[in-house]
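Notes for the one structure printed next.
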Amino acid sequence: MELHIHKDYADLSAAAANMIIDCVQENPQALLCMATGDTPRLTYQLLAKRVLAENIDVSRCFFIALDEWLGVSPDNKGSCHWFLQEYLLRPMHIAPAQVHLFDAFAKDEQAACESMNQLIAAKGGIDLALVGVGMNGHIGFNEPGTSVESLTHVAVLDDTTQTVGQKYFSEKMEIKKGITVGLQQVMAAQKLLMMANGKKKAPVVSRLLTGDISNQFPASLVRLLPQAVLMVDEEAAL
Ligand code: F6R
């Protein structure tokens with residue numbers, strides 16, 4: 001894993017947007033697995049701006065969501081669906097045929113997992129995964145203790161995720177379960193970009209870098225991966 005420390009959130013986000021553009025320019029048919037949340041918001045805004053300004057061809061790439069809260073409507077501004085549409089897909093004029101998001105109301109949750117697994121397999125794996133890191137070290141909704149062999153699955157969200165996750169919603173939400181691309185699939189990405197910014201992530205980054213490498217703190221697993229880049233700002237690196 002490489003560690004890149006950037007001055008601040010703006011620099012970090014610009015560097016992340018660059019990395020995504022490099023990936024798409026090298027492989028115009030790239031499969032991109034994208035997180036939501038506070039961390040990547042500016043990255044997506046800068047990415048969309050550059051794609052439009054520089055006429056970068058994103059018409060052949062394919063976008064998948066890293067995860068979703070089960071039972072949260074796609075119209076809800078706290079949903080991963082809404083976030084990806086708002087900051088990434090709509091601004092870049094990505095066609096619906098280039099996107100696969102999770103259905104938060106899937107009647108058959110196993111089938112929803114299976115269709116994501118098949119899609120990832122059919123495309124030969126993920127080319128670039130952009131992930132944040134949770135306060136409990138989760139990657140996507142791969143919570144502490146998740147098997148490194150896991151494929152897309154339904155996760156029972158741990159208390160930290162349920163509590164911290166309230167920040168995305170305008171009113172109190174019941175968020176007990178999520179659906180997520182699995183650790184095995186994320187860790188097999190050709191390029192894994194993990195981002196963290198701000199003071200509150202400093203203890204998480206410190207444990208990620210210096211603690212045991214274990215699925216009890218999934219983010220620590222990226223240290224094993226030569227193709228992983230951990231990008232942080234100075235506040236998160238302290
Ligand atoms: C969201 C996701 C989560 C977040 C993580 C950090 O799609 O996969 O794992 O990346 O909880 O969230 P923020 O960026 O809001 O600090």
Side-chain angles (χ1 to χ4, degrees), residues 6 9-10 12-13 16-17 20 32-46 63-70 72 74 76-89 99-104 116 126 128-146 150 152-170 173 175-183 185-187 189 192-205 207-208 215 217-222 228-233 235-237:
H6 296 276
Y9 181 56
L12 167 72
S13 304
I20 298 167
L32 303 155
C33 176
M34 306 309 249
T36 63
D38 291 337
T39 311
R41 188 182 288 111
L42 182 58
T43 299
Y44 296 159
Q45 288 169 325
L46 296 174
F63 294 85
I64 57 175
L66 173 61
D67 48 14
E68 186 58 277
W69 311 101
L70 284 178
V72 173
N76 187 314
K77 292 188 176 178
S79 70
C80 300
H81 189 115
W82 187 91
F83 183 103
L84 290 173
Q85 290 291 357
E86 178 74 11
Y87 295 109
L88 185 71
L89 304 172
V99 181
H100 186 80
L101 307 180
F102 287 113
D103 176 1
M116 186 61 95
I126 295 167
L128 183 144
L130 185 159
V131 303
V133 49
M135 297 306 290
N136 61 358
H138 72 197
I139 299 177
F141 288 144
N142 291 279
E143 298 285 36
T146 303
S150 65
T152 305
H153 61 280
V154 169
V156 175
L157 300 176
D158 83 13
D159 290 347
T160 306
T161 303
Q162 292 188 35
T163 307
V164 175
Q166 295 301 324
K167 70 177 173 169
Y168 305 119
F169 299 96
S170 54
M173 277 302 284
I175 41 174
K176 291 198 176 309
K177 286 204 297 183
I179 185 166
T180 185
V181 173
L183 275 182
Q185 292 156 316
V186 171
M187 290 174 69
L192 176 52
L193 169 55
M194 174 173 274
M195 300 176 69
N197 70 286
K199 274 199 193 83
K200 68 172 187 300
K201 288 286 168 74
V204 176
V205 170
R207 182 166 173 195
L208 186 178
N215 70 339
F217 197 75
S220 64
L221 297 166
V222 300
V229 177
L230 172 65
M231 279 192 185
V232 299
D233 67 358
E235 284 188 350

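None of these values were measured; they are calculated from a predicted model. Order of listing sets the numbers, starting from 1, for every ligand and every atom in it. Here, residue 1 is the first one in the sequence, and each next residue gets the next number.
The structure places CD1 of I179 at 9.0 Å from CD of E68, a figure rounded to the nearest 0.5 Å. A distance of 10.0 Å separates CD1 in I20 from CG in L46, rounded to the nearest 0.5 Å. Atoms CG and CE, on D158 and M135 in that order, are 12.0 Å from each other to the nearest 0.5 Å. Between atom CG of residue L66 and atom CG of residue L101 there is a gap of 11.5 Å, rounded to the nearest 0.5 Å.
Atom 14 (O) of ligand 1 has as its closest protein heavy atom T39 OG1, 2.5 Å. Taking atom 16 (O) of ligand 1 as the reference point, the nearest protein heavy-atom neighbour is K201 NZ, 2.7 Å. At the top of the distance list for atom 13 (P) of ligand 1, counting protein heavy atoms only, stands Y168 OH, 3.3 Å. At the top of the distance list for atom 5 (C) of ligand 1, counting protein heavy atoms only, stands H138 NE2, 3.4 Å. When hydrogens are left out, the protein atom nearest atom 8 (O) of ligand 1 is D67 OD2, 2.5 Å; that is the closest non-hydrogen contact.
Here the shortest heavy-atom pairing between Q162 and I175 reads CG-O, 3.0 Å. Contact between C33 and V181 at its shortest, heavy atoms only, is SG-CG2, 4.3 Å.
The option from T160, T161, V133, I139 that lies nearest to atom 6 (C) of ligand 1, judged by heavy atoms, is V133.
Within the listing of ligand 1, atoms 1 (C), 7 (O), 10 (O) sit less than 4.0 angstrom from a heavy atom of T36. Listed by atom number, the atoms of ligand 1 under 4.0 Å from G37 heavy atoms are 14 (O), 15 (O). If you number the atoms of ligand 1 from 1 as listed, the ones under 4.0 Å from a heavy atom of G132 come out as 10 (O). Listed by number with element, the atoms of ligand 1 under 4.0 Å from a non-hydrogen atom of L66 are 8 (O).
Remark: side-chain polar atoms of N142 are not paired, donor with acceptor, to backbone N or O of G182 under 3.5 angstrom.
Checked against a 3.5 angstrom limit, the closest N/O atoms of G140 and ligand 1 fall inside it.
Heavy atoms of V131 stay at 4.0 angstrom or farther from ligand 1. Ligand 1 has at least one atom lying under 4.0 Å from a heavy atom of K167.
In summary, of the residues considered (D233, N197, L42), a side chain to side chain contact (heavy atoms under 4.5 Å, CB included) with S13 occurs for L42 alone.
Between Y87 and W82, the two ring planes are perpendicular [angle over 60°; tilted spans 30° to 60°].
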